[in-house]
Amino acid sequence: MKMTQLFTKTSKTVPADETSKNAKLLIQAGYIHKEMAGVYDYLPLGLRVLENIKQIVREEMNAVGGRELIMSNLQRPELWMETTRWDDKVVDIWFKTKLQDQTEIGLAWSHEEPIMDMMQHFVQSYKDLPAVVYQFQTKLRNELRAKSGIMRGREFVMKDMYSLHVSAEDLDTYYNKVIEAYKRVYERLGIGKDTYVTFASGGAFTKFSHEFQTICDAGEDILYLHREKNIAVNEEVLDEAVKELGVNKDEMEKIKSAEVGNVFNFGTDKSNAMKIYFTGKNGEQLPIYLASYGIGVTRVMGVIVEKFADDKGIVWPEAIAPFKIYLARLGDEADVVKAADDAYKRLTDAGIEVLYDERDARPGEKFADADLLGIPYRLVLSAKTLAEGKCELKRRTETDTVLLTIDEVTKKIAVGKGTLV
RNA sequence: CGGGGUGUGGCGCAGUUGGCUAGCGCGCCGCGUUUGGGACGCGGAGGCCGAAGGUUCGAGUCCUUUCACCCCGACCA
């Protein structure tokens, strides 16, 4: 994409009404725009990052047999009444509204009940199980207080997956498969090393649920980590978990973290509460075992900004960066323009995503923007580099530059990871 | 929802004890000079000061109400 075709622009000043690093940088760089407290628009650059994250999640969910769909945002109260969760005293984050005929409806903060209800139209027999569905959906939650930029909004994108099973054993086996899939997701997103499967409060059916917690100063959770045994426990269940797991609390490290995912075993609770059953081999009516699996897509984006940004701006992991290369053209001499246009075309034709800065701006401004935007590679084409028939490549995270031909750049970037020099 | 703070062009800010056509920087428009780490000169456009009410000869400055935003707390993916 050409810079002049992008309507957003960067700002020299930091928004005054944000304190979180992620919101400051994402707004300053033009990735997002704030509508109101806890509600943000995702602009073209932000959308590209979001879609990259979603694609990684999508691939891994598909790999464990998930079927993608999309549920509605408007929901019927009756479904939630069956599990008592329509009650504002039980769930205090509902956005509720009315149809013109005064029928009350809810705006989706979760899809557990609607998913169960929808699935019963297709799952009547043990032959229909297991069944696994997932979606990327905008959840609306009437939080008392929004904070931490896009890490805790009133409107956010979440991947939620649900698996339905004939038995506890079948559910457990699949549940563990999803945990492994989640590990791959965070690994691919670039936060694998700092993300831990964590014991957390579990509800009625199991003692614990599992959260995926990423070490992050801006996070809201406290993690107790036993590095040797690779055990992580959410502070909220610390005493219980320590007893259960037989670890010594004193050997655990206390760390701030952000919850980037959660897997939860409902057992037969939902099925029984909603009176949704399947027919077993002997014709008997049996309850369905349900588990749910969430990943906060927009939150992950915020966490990644928080973790990797430096004093110059955002630093995107390559896997989710909106573009691979920031191509800066310095100067407007005819031969430089031609060479830069040509470089843009050849890189793009090679399948490399390039943000081409062909603005009539000074070098310093372009370099500053390249840093702020956090594109993994910066490629400079100027009279100086052109004199040698080359261009200058630099990683966002390094200061070393290297002169290469476009062919060499194409090879290097296409192959990926290798070192520059 | 409790406590604290802030609302002045697109962004960041200044506006003394109430006083004249409401300023500054960035950004924006025009012309010219510039071009390897956010250039410079000249000339422009753009705000009725969050909103409503009140006090006053006079309100961005004072009073009342209200809305929004931020932070801390409680709650939460």
Side-chain angles (χ1 to χ4, degrees), chain A residues 7-20 23-24 27-30 33-39 88-94 108-112 137-161 198 200-201 209-214 219-221 234 236 257-264 292-303 312-313 328-333 336-337 357 359-373 378-387 391-392 394 399 401 403:
Chain A
F7 71 90
T8 57
K9 38 179 122 172
T10 59
S11 168
K12 277 193 204 175
T13 48
V14 179
D17 64 345
E18 297 281 1
T19 47
S20 71
K24 278 183 184 170
I27 290 171
Q28 204 187 343
H33 176 257
K34 184 187 212 163
E35 283 293 336
M36 61 180 101
V39 180
D88 288 321
K89 287 192 283 292
V90 178
V91 173
D92 61 1
I93 50 165
W94 270 114
W109 64 276
S110 163
H111 286 81
E112 284 150 6
Q137 242 275 8
T138 299
K139 308 292 184 197
L140 302 170
R141 297 191 179 182
N142 201 348
E143 299 283 356
L144 239 39
R145 182 186 159 206
K147 58 174 184 176
S148 307
I150 63 168
M151 289 174 66
R152 175 169 210 75
R154 294 203 167 87
E155 188 177 319
F156 60 95
V157 177
M158 179 169 158
K159 185 282 305 179
D160 47 324
M161 183 162 84
T198 305
S201 56
S209 72
H210 295 96
E211 291 174 344
F212 285 77
Q213 293 278 356
T214 304
E220 298 176 349
D221 290 312
N234 190 312
E236 65 190 15
S257 64
E259 183 182 353
V260 291
N262 166 299
V263 295
F264 200 94
S292 75
Y293 318 84
I295 290 180
V297 175
T298 42
R299 176 181 284 182
V300 164
M301 181 170 161
V303 167
K312 292 195 171 91
R329 190 198 77 205
L330 305 190
D332 56 2
E333 300 88 343
V336 174
V337 171
D357 190 351
R359 293 175 302 174
D360 176 24
R362 297 171 65 83
E365 193 176 342
K366 296 194 176 189
F367 294 155
D369 278 347
D371 289 338
L372 177 61
L373 289 166
R378 186 188 80 191
L379 190 63
V380 173
L381 222 149
S382 66
K384 207 168 92 181
T385 66
L386 192 57
C391 51
E392 176 195 278
K394 178 183 120 41
T399 49
T401 61
L403 279 175

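Numbers restart at 1 for each chain; the letters A, B, ... are given by sequence-line order, proteins then strands. If you're wondering where the values come from, they're calculated on a predicted model, not measured in any experiment.
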Do A:D160 and A:K139 come within less than 4.5 Å of each other through their side chains, counting heavy atoms only?
-> yes
List in chain and number order the residues that pass side-chain hydrogen bond (donor to acceptor under 3.5 Å, both in side chains) with A:D332, two or more places apart in sequence or in another chain; answer none if no residue qualifies.
-> none
Can you give me the N/O atom pairs linking the protein to nucleotides 72-74 of chain B at distances under 3.5 Å, or say none if there are none?
{"unit_1": "B:C72", "atom_1": "OP2", "unit_2": "A:R145", "atom_2": "NH2", "d": "2.3"}
{"unit_1": "B:G73", "atom_1": "N7", "unit_2": "A:R145", "atom_2": "NH1", "d": "3.4"}

What distance, rounded to whole Å, do you find between the two C1' atoms, one in B:C42 and one in B:G60?
-> 32 Å
Listed partners of A:K384 passing side-chain contact (heavy atoms from CB on, under 4.5 Å), at least two apart | A:S382
Who passes side-chain contact (heavy atoms from CB on, under 4.5 Å) against A:R154, sequence neighbours left out?
-> A:A37, A:V39, A:F95, A:N142, A:E143, A:A146
Please list, chain by chain and in numerical order, all residues satisfying ring-ring contact (aromatic ring centres under 6.0 Å, His included) with A:F212, sequence neighbours excluded.
-> A:Y182, A:Y186
Verify side-chain contact (heavy atoms from CB on, under 4.5 Å) between A:V336 and A:L330, making sure each step is shown before the conclusion.
-> CA-CA 8 Å; A:V336 174; A:L330 305 190; over 6 Å; no
Touch check for A:E211, heavy atoms < 4.0 angstrom, all strands: base, sugar-phosphate only, or nothing?
-> nothing
Would you please enumerate the stems RNA chain B participates in, each stem being three or more consecutive Watson-Crick or G-U wobble pairs with both distances under 3.5 Å?
-> B:1-7 with B:67-73, B:10-13 with B:23-26, B:28-33 with B:39-44, B:50-54 with B:62-66
What integer number of Å spans the P atoms of B:U56 and B:A51?
-> 23 Å
Protein-nucleotide distance (A:F264, atom CZ; B:A77, atom P), rounded to Å | 9 Å
Contacts of type ring-ring contact (aromatic ring centres under 6.0 Å, His included), residue A:H111, not counting sequence neighbours | none
Is A:K366 touching bases, backbone alone, or none of the nucleic acid, heavy atoms closer than 4.0 Å?
-> nothing
Rounding to the closest angstrom, what is the interatomic distance between B:A14 and B:G25 at atom C1'?
-> 11 Å
Between A:Q28 and A:G38, the residue closer to the 5' end of RNA chain B by nearest nucleotide is A:Q28
Which nucleotide, B:A77, B:G12, B:C69, lies nearest any side-chain atom of A:A16?
-> B:G12
Note, A:D369 side chain near A:R359 side chain (heavy atom, < 4.5 Å) = yes
Contact nearer the 5' end of RNA chain B, comparing A:G261 with A:E35 = A:E35
With C1' as the reference atom in both, quote the distance from B:G19 to B:G9 in angstrom, rounded to an integer.
-> 24 Å
Whole-Å distance, A:I27 CD1 to B:G10 P, equals 17 Å
Would you kindly give the CD-to-P distance between A:E143 and B:C71, to the nearest whole Å?
-> 14 Å
With sequence neighbours excluded, what pairs up with A:E18 under the side-chain hydrogen bond (donor to acceptor under 3.5 Å, both in side chains) test?
-> A:K34, A:Y40
Please name all residues satisfying side-chain contact (heavy atoms from CB on, under 4.5 Å) with A:E392, sequence neighbours left out, ordered by chain then number.
-> A:R378, A:V380, A:T385, A:T401, A:L403
Set of side-chain contact (heavy atoms from CB on, under 4.5 Å) partners for A:T214, sequence neighbours left out = A:I191, A:D194, A:T195, A:V260, A:V303, A:K307
B:C75 P sits how many Å from A:D221 CG, rounded?
-> 12 Å
How close or far is atom P of B:C1 from atom CG of A:D88, stated in whole angstroms?
-> 13 Å
Out of B:C69, B:G37, B:A77, minimum distance to the side chain of A:D371 belongs to B:G37
Using whole Å, report how far NZ of A:K34 lies from P of B:G12.
-> 11 Å
Using atom CG of A:D357 as one end and atom C1' of B:G37 as the other, report the distance to the nearest whole Å.
-> 13 Å
In whole angstrom, give me the gap between the C1' atoms of B:G44 and B:U8.
-> 22 Å
CG of A:N142 versus P of B:C75: gap in Å, rounded?
-> 17 Å
Distances for protein N/O vs nucleotides 27-36 of chain B N/O pairs under 3.5 angstrom?
{"unit_1": "B:U34", "atom_1": "O2", "unit_2": "A:R362", "atom_2": "NH1", "d": "2.8"}
{"unit_1": "B:G36", "atom_1": "N7", "unit_2": "A:S382", "atom_2": "OG", "d": "3.2"}
{"unit_1": "B:G36", "atom_1": "O6", "unit_2": "A:S382", "atom_2": "OG", "d": "2.2"}
{"unit_1": "B:G36", "atom_1": "N1", "unit_2": "A:E392", "atom_2": "OE1", "d": "3.1"}
{"unit_1": "B:G36", "atom_1": "N2", "unit_2": "A:E392", "atom_2": "OE1", "d": "2.6"}
{"unit_1": "B:G36", "atom_1": "N2", "unit_2": "A:E392", "atom_2": "OE2", "d": "2.7"}

A:T13 side-chain N/O to B:C26 phosphate OP1/OP2 under 4.0 Å | no
Distance, P atom - from B:C26 to B:G41, rounded to whole angstrom | 9 Å
When rounded to the nearest Å, what value does the distance between P atoms of B:G32 and B:C24 take?
-> 26 Å
Counting side-chain heavy atoms from C-beta on, which of B:C69, B:A77, B:G37 comes nearest to A:D17?
-> B:C69
If only atom types and distance count, is the side chain of A:R329 paired as donor or acceptor with the main-chain N or O of A:G331 below 3.5 Å?
-> yes
Under 4.0 angstrom, heavy atoms only, what part of the nucleic acid is A:D160 near: base, sugar-phosphate, or nothing?
-> nothing
Got a sec, which residues hit side-chain hydrogen bond (donor to acceptor under 3.5 Å, both in side chains) with A:Q213, two or more places apart in sequence or on another chain?
-> A:E211, A:D221, A:S257
For atom P, what is the distance between B:G50 and B:A22, given to the nearest Å?
-> 15 Å
Give the intermediate values and the outcome of side-chain contact (heavy atoms from CB on, under 4.5 Å) for residues A:M151 and A:F156.
-> CA-CA 9 Å; A:M151 289 174 66; A:F156 60 95; over 6 Å; no
Base, sugar-phosphate alone, or nothing: which one does A:G219 contact when heavy atoms must sit under 4.0 Å apart?
-> nothing
